[in-house]
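The basis for the numbers below is simple: all heavy atoms, side chains too, and nothing from hydrogens, waters or symmetry mates. Naming convention: chains lettered A, B, ... in sequence-line order (proteins, then strands); numbering from 1 in each chain.
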2 protein chains.
Amino acid sequence: MALFLSKTTNKIDQKGRVSLPAPFRATLSQAGARVILFRSPIHNCLEGFDPQFMEDMSARLDNFDLFSQDQDDLATAIFGEAVPVSVDDTGRMVLSEDLMGHANLSNNATFVGLGQKFQIWSPVEFDKRQQEARDNVKSKNLTLPKGGAHE
Amino acid sequence: MALFLSKTTNKIDQKGRVSLPAPFRATLSQAGARVILFRSPIHNCLEGFDPQFMEDMSARLDNFDLFSQDQDDLATAIFGEAVPVSVDDTGRMVLSEDLMGHANLSNNATFVGLGQKFQIWSPVEFDKRQQEARDNVKSKNLTLPKGGAHE
DNA sequence: TACTTTCCCATGATATCCCATATATATCCA
DNA sequence: TGGATATATATGGGATATCATGGGAAAGTA
């Protein structure tokens with residue numbers, strides 16, 4: 001399956017419209033372009049998914065007890081927060097005030113491909129974040145283990 | 001599996017186009033020729049991978065929790081920094097200003113096969129690098145360990 | 001009506017495609 | 001062996017398509 005890769009910065013116009021980078025559009029599953037956005041629980045940024053991928057998230061949630069606090073917290077954080085957004089035929093989507101607020105977006109939005117998902121950042125904040133991520137990978141010596149389980 | 005071997009130097013034209021050496025093209029997985037480029041974190045050069053390699057990385061990332069700090073750091077460092085590039089039917093790809101800057105590229109690019117990946121260097125800097133690598137192997141008495149794991 | 005949201009078209013910049021030429025490597029034949 | 005012709009590769013430049021973005025018209029809402 002296609003992946004979201006690389007980063008691009010696009011303008012947000014006065015109507016709150018941003019062009020979803022063309023390569024990102026291409027990795028979305030169908031033509032009837034839709035994206036699921038929500039506010040990242042750990043960063044001041046937005047996260048975007050192919051609607052298809054939400055199914056996988058749902059499957060993962062099944063690993064929790066249906067009535068556990070954790071399951072409830074996660075489900076609320078994920079599905080409750082999810083905002084489906086449509087992409088028009090010039091490739092743009094509209095970001096609500098609320099979403100823009102969470103990510104401190106004003107005039108520019110940096111789209112960052114993260115494989116299965118992508119993130120939307122204020123350009124300045126992402127620079128910091130990127131450096132932080134690099135540092136963490138280095139200092140914690142993070143690698144991608146080959147095998148299955150990693151807990 | 002096919003490996004990237006040997007080194008070649010090709011011209012970069014005014015549009016930023018370079019021919020990917022034909023042998024390298026041949027080792028890429030499919031016909032819909034694509035390459036993933038990275039800014040090397042340790043050298044002033046670019047690193048190139050078969051897109052298949054990224055798929056493998058993605059599969060490994062699935063072993064991490066979706067919202068864990070580590071997952072996010074890795075994804076940002078790996079997928080966020082990856083630049084997918086397409087190879088046209090005359091075998092050329094386009095290098096962005098940004099990428100060329102990182103590797104100090106201007107008119108020529110030296111492609112160096114490194115097995116699973118290849119590197120793109122400014123010819124002058126690669127000469128230095130090659131000498132350095134030889135010296136390191138000699139002075140540190142570096143050898144190739146036998147088994148798979150190498151910690 | 002006043003206001004917001006969606007749709008449609010216009011434009012400049014950039015990237016992609018296509019064809020032509022040059023260079024190199026391989027193949028063939030006398 | 002040598003020379004000439006093929007085949008593959010590399011490179012140059014112009015035409016074309018795609019993309020990001022701005023503005024306005026139409027449609028929906030209150």
Asks: Starting at CG of Asp98(B) and ending at C1' of dT14(C), how long is that distance when rounded to a whole Å?
Replies: 16 Å
Asks: Just the table, please: protein N/O against nucleotides 17-24 of chain C N/O, every pair under 3.5 Å.
Replies:
from, atom 1, to, atom 2, distance (Å)
dC17(C), N4, Arg17(B), NH1, 3.3

Asks: Do Thr90(A) and Asp88(A) pass the side-chain hydrogen bond (donor to acceptor under 3.5 Å, both in side chains) test, and can you show the C-alpha distance, the side-chain angles, and the key distance before you say yes or no?
Replies: CA-CA 6 Å; Thr90(A) 65; Asp88(A) 69 26; 2.8 Å; yes
Asks: To the nearest Å, give me how far apart CG (Asn10(B)) and P (dT9(D)) are.
Replies: 12 Å
Asks: Would you work out how much the helix from dT1(C)-dA30(D) to dA30(C)-dT1(D) bends between its ends, with each end axis defined by five base pairs, to 10 degrees?
Replies: 30°
Asks: How far apart are the C-alpha atoms of His102(A) and Leu46(A), what are their side-chain angles, what is the distance that settles it, and do they pass the side chain to side chain contact (heavy atoms under 4.5 Å, CB included) test?
Replies: CA-CA 8 Å; His102(A) 180 78; Leu46(A) 306 175; 4.3 Å; yes
Asks: Which heavy atom of Pro123(A) sits nearest to which heavy atom of Thr9(A), and what is that distance?
Replies: CG-CG2, 4.1 Å
Asks: State whether the number of non-hydrogen atoms from other residues, nucleotides or ligands found under 6.0 Å of Gln131(B) atom CD is greater than 12.
Replies: yes
Asks: Measure the distance from CE on Met93(B) to C1' on dA10(D) and round it to the nearest whole Å.
Replies: 14 Å
Asks: Output the residues of residues 100-110 of chain A in contact with DNA chain D, where contact means a heavy atom of the residue under 4.0 Å from an atom of the strand; sort by number or write none.
Replies: none
Asks: Under the side chain to side chain contact (heavy atoms under 4.5 Å, CB included) rule, what do Gln116(A) and Ser58(B) come out as? Steps first, then yes or no, please.
Replies: CA-CA 8 Å; Gln116(A) 304 270 39; Ser58(B) 174; 4.3 Å; yes
Asks: After noting the C-alpha distance and the side-chain angles of Phe24(B) and Phe118(B), does the key distance pass the ring pair (Phe, Tyr, Trp, His ring centres under 6.0 Å) rule?
Replies: CA-CA 9 Å; Phe24(B) 284 21; Phe118(B) 63 88; 5.2 Å; yes
Asks: Is Leu20(B) touching bases, backbone alone, or none of the nucleic acid, heavy atoms closer than 4.0 Å?
Replies: sugar-phosphate
Asks: Checking ring pair (Phe, Tyr, Trp, His ring centres under 6.0 Å) for the pair Phe49(A)/Phe38(A): CA distance, chi angles, key distance, verdict?
Replies: CA-CA 9 Å; Phe49(A) 293 86; Phe38(A) 56 87; 5.4 Å; yes
Asks: Would you name the heavy atoms of Ala75(B) and Leu114(A) that are closest together and state the gap between them?
Replies: CB-CG, 3.6 Å
Asks: Within the supplied structure, the quantity of interest is the number of heavy atoms (other residues, nucleotides, ligands) at a distance under 6.0 Å from Lys11(B) NZ; does it exceed 12?
Replies: no
Asks: In whole Å, I'd like the distance from the CG atom of Asp13(B) to the C1' atom of dG14(D).
Replies: 13 Å
Asks: Considering all heavy atoms of both residues, which atom of Leu5(A) and which atom of Met54(B) are nearest to each other, and what is their separation?
Replies: CD2-CE, 4.0 Å
Asks: Could you please spell out the steps behind the side chain to side chain contact (heavy atoms under 4.5 Å, CB included) verdict for Leu3(B) and Thr27(B)?
Replies: CA-CA 6 Å; Leu3(B) 299 172; Thr27(B) 94; over 6 Å; no
Asks: In whole Å, I'd like the distance from the CG atom of Leu95(A) to the P atom of dT6(C).
Replies: 12 Å
Asks: To the nearest angstrom, how far is Gln14(A) atom CD from dT21(D) atom C1'?
Replies: 12 Å
